[in-house]
Amino acid sequence: MFKRLMRKELTSSPEPKTPEYAVALSGKDLLKQPKRTELISRVKRLFSVTEQVWNKHYLYAIEQFAELVQEVPASEIHHHSESGGLIDHTLEALYAGVRISQGYILPPNAEPESIAESADRWRFAAMIAILSHDLGKIVTDIEVVYRLPEKQFQIWHPWYGNIPPGAAYRYRFRRKIENTRLAKTLHEKSAMSLLPRLLSKEAATWLFKDLELISQLFSTISHSTFGGQVIAEIVRAADGASVSKNVGANTGKKADHTNTIPLYEKLIVSLRKLVNDGDLKRNKPGAAVWVTDQDTWVVSKATMEAVRIQLINEGHSGIPKNVVTLFGILNDHDCLVPNPDGDSVWYAEINDHGKNWQQKLTFLRFKNEIIWPTSQPDMFDGTVTPIDRNGNPLEISQVVEPDPDPDPDPDPKAGEGHLDHQRTETHNNEYNQKTPKVASGPVTSKITTAHKEKGGAEPEEAKEKQSQVRAQPGSKAHGLTSEKAVEHWKTKREVQEDILRENDFLAWLLKGIARRQIRVNEPKAPVHILDGHVALVTPAIFNLFLDKNSLKKRLYEKRAGDKRVYTVLQRELEVLDIHQRGTDGQNIVTVSVEGQRSKSELKVYLLNRACFPSLRAFAANPAIKIHL
């Protein structure tokens, strides 16, 4: 390791002031920069402690952190990737985190008389957790060599002391470990090994007087799934505040083993960010983005101009001034659905029936999986009708490619969401016929189909397809009731609801149901309550959680690697062992929903309802039958 680098440096001048090297400084000297001094002063003003206590314990921890990490960056090609970025990022997060902690009653659920006594201890612990949250990167992500004057280079390991002050040092990022789960949260786990370096003896003794606090502190620093609670919330919010403030295109030099991000990917990512952040409206009059069953329709010029400006503001260079050029780049890389002439731009009419609003606009048309690779957003309750330049609806020939496996067995771990029943049957019929189909008229969403079933006449073709579905031999039209399904439950484990609420997803789920923010037992609802089960529609409910919790989503994305993000949430539920598997051992179970006029199927996770006393008031949904 570093042998070639060492041999080269041993034969070169020992002068440490060359720009290729940094010189190790004390923590106090590293923090003398005006920006850092100002941030520390702001942090100090947020704590009501004496000067002596601040210097001996609070400032001591900050200086120890700075001396340990020196001027290494916080990341290789993302946020704070310049020299000194780790200190700057952590100080920004520290200031944000202490301010955020002021909005919490600490300790949580404490009696009023104990708050004054313990609040300072909890806020100090939050500060230590923020200082530690990226500290493990110098153990696992970054390699450092250093040399003292007249000495040879040697490899530095933070477990065995700081880089000696005055030594010349150089760092580089380690190559990423691929195709292994061990690398996903490695630096979070390793941060625990450096925690004692931040604490004075008196501060450690003080913290250990509250073992609940110690539990949350250790769980947060080690990135444990459970147990972090309020300390973890503060750290995540503080980290996100600093990252979002800094992230942009000026991400420092890339190592030789990294790849340049192509422009078309930047365009897609920027568009997704603008929509998720609410800067671009979706599915409402005047919106820039409209999502139907299979496609996302983006108002062409205005939206891509917003994307272009977003990239320029982030510091990206080489962005074409003409948005038409951007259309061509997206089209050349097969990001767009081309119009009948093979060009990028579509003419279409938006019709929002519920709001009695319609508009003719020019669009770029993306497949949903291009814009939303890990989630299915809310769809437009209306129609998007492709038209020609004269305003007449287009008739577009679409060749349906045959599916190599028209009826595959679902992967129990894949967690794929259910398809609309009519759409599935249509696809299967097209596969069997193996002939091109001609589609004309509006592109409708699933919601629109349901709307028509409520009020308007049902198309004869749809009725015929539904009758064919009911008549299929061997169909599981009559599944088990929830009560009968319980008899097939091999391990019916019960866990107290308070313990389950320590899981971020379940805490969010129960809170959303209690506040009526998550629909239950309704058409298109992501949650259904049964006699003995809580049915979670997958992946809809998991993607909803990720969409509503962007900070948590980033953490799960790191852990997911090349898999779908929601599968990480599903694995966490499997660990709890409160879900019912099918008789074939699959974690995801099929249920049928039988209404008066139609029948469909859902893929769900079935949780033990007995574990959730807060849901007792809900009546069971009689329309759902379970297929084990």
Atom CD of Q102 with >12 non-hydrogen neighbours under 6.0 angstrom: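 More than 12 within 6.0 Å, yes.
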
Within 6.0 angstrom of R99 CZ, more than 12 heavy atoms from elsewhere: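 It does not: R99 CZ has 12 such atoms or fewer within range.
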
What closest approach, in Å, do [X] and [Y] show between heavy atoms, and which atom pair accounts for it?
{"X": "N162", "Y": "L68", "result": "OD1-CD1, 3.1 Å"}
{"X": "E67", "Y": "L25", "result": "CG-O, 4.0 Å"}
{"X": "S132", "Y": "L195", "result": "OG-CD1, 3.8 Å"}

Would you call [X]-[Y] a salt bridge at under 4.0 Å N-O?
{"X": "D29", "Y": "K32", "answer": "yes"}
{"X": "R516", "Y": "E522", "answer": "no"}
{"X": "K44", "Y": "E51", "answer": "yes"}
{"X": "E233", "Y": "R236", "answer": "no"}

Kindly compute the distance separating [atom1] ([X]) from [atom2] ([Y]), expressed to the nearest 0.5 Å.
{"X": "I541", "Y": "H528", "atom1": "CD1", "atom2": "NE2", "answer": "10.0 Å"}
{"X": "T50", "Y": "N55", "atom1": "OG1", "atom2": "CG", "answer": "8.5 Å"}
{"X": "M379", "Y": "T296", "atom1": "CE", "atom2": "OG1", "answer": "10.5 Å"}
{"X": "L86", "Y": "Y171", "atom1": "CG", "atom2": "OH", "answer": "10.5 Å"}
{"X": "I578", "Y": "N608", "atom1": "CD1", "atom2": "CG", "answer": "7.0 Å"}

Under 3.5 Å, is there a donor-acceptor pair between the side chain of [X] and the main chain of [Y]?
{"X": "T37", "Y": "L31", "value": "yes"}
{"X": "S219", "Y": "Q216", "value": "no"}
{"X": "R36", "Y": "L91", "value": "no"}
{"X": "D239", "Y": "A93", "value": "no"}
{"X": "R609", "Y": "L615", "value": "yes"}

Please verify the inter-ring angle class for [X] with [Y]; under 30° counts as parallel, over 60° as perpendicular, anything in between as tilted.
{"X": "H157", "Y": "Y160", "result": "tilted"}
{"X": "Y556", "Y": "F545", "result": "perpendicular"}
{"X": "F124", "Y": "Y58", "result": "perpendicular"}

